[in-house]
Amino acid sequence: MRRSEDLWEYRRIVGLIRKRVDASPCTTREIIRHMREVHGHETKPHEMERALMRSERIYKRSETMVDGSPMSVWASVWNGTEEE
């Protein structure tokens, strides 16, 4: 029973990450901060990979420098950013 609950929790977290990107373009750091502040969840790398890189509607729009480190900017075809 526990394995099934873990799987559903994992899917819920992935969905919340995708929902954040669907709302507006954002950096990886902004997604992590959103998950921590709004949902009280420390995002793990495999959750980010599943949510961002394995989604047909989410794509890496660009990279930017944040505090001297490169940071990916993610967008969704659902948030109307295609015209840019």
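Values reported hereafter were calculated over all heavy atoms of this structure, with side chains retained and with hydrogens, waters and symmetry mates removed.
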Can you tell me how far [atom2] of [Y] sits from [atom1] of [X], rounded to the nearest 0.5 angstrom?
X     : Y     : atom1 : atom2 : value
Arg57 : Ser76 : CZ    : OG    : 5.5 Å
Asp67 : Arg29 : CG    : CZ    : 5.0 Å
Met65 : Met71 : CE    : CE    : 9.5 Å
Glu47 : Met35 : CD    : CE    : 7.0 Å
Arg61 : Cys26 : CZ    : SG    : 10.0 Å
Met48 : Ile17 : CE    : CD1   : 5.5 Å

Where do [X] and [Y] come nearest, in terms of heavy atoms and distance?
X     : Y     : value
Ser72 : Lys60 : OG-CE, 3.3 Å
Glu63 : Pro70 : OE1-CB, 3.8 Å
Ala51 : Arg18 : O-NE, 2.9 Å

Between Trp74 and Thr28, does any side-chain donor sit less than 3.5 Å from a side-chain acceptor?
-> yes

Any link between Met53 and Ile31 through a network of hydrophobic side chains (Ile, Leu, Val, Met, Phe, Trp, Tyr) touching at under 4.5 Å?
-> yes

Short question: side chain of Glu37, backbone of His34 - any donor-acceptor pair under 3.5 Å?
-> no

So with a 6.0 Å cut-off around NZ of Lys19, is the heavy-atom count from everything else above 12?
-> no

Fit a plane to each ring of His46 and Tyr10, take the angle between them on a 0 to 90° scale, and name the class: parallel (under 30°), tilted (30 to 60°) or perpendicular (over 60°).
-> parallel

For the residue pair [X] and [Y], establish whether any side-chain heavy-atom pair is separated by less than 4.5 Å.
X     : Y     : result
Tyr59 : Val77 : yes
Val38 : Arg20 : no
Glu49 : Arg54 : yes

Just one of Val14, Ile13, Leu7 clears the side-chain contact (heavy atoms from CB on, under 4.5 Å) bar with Arg11, so which one?
-> Leu7

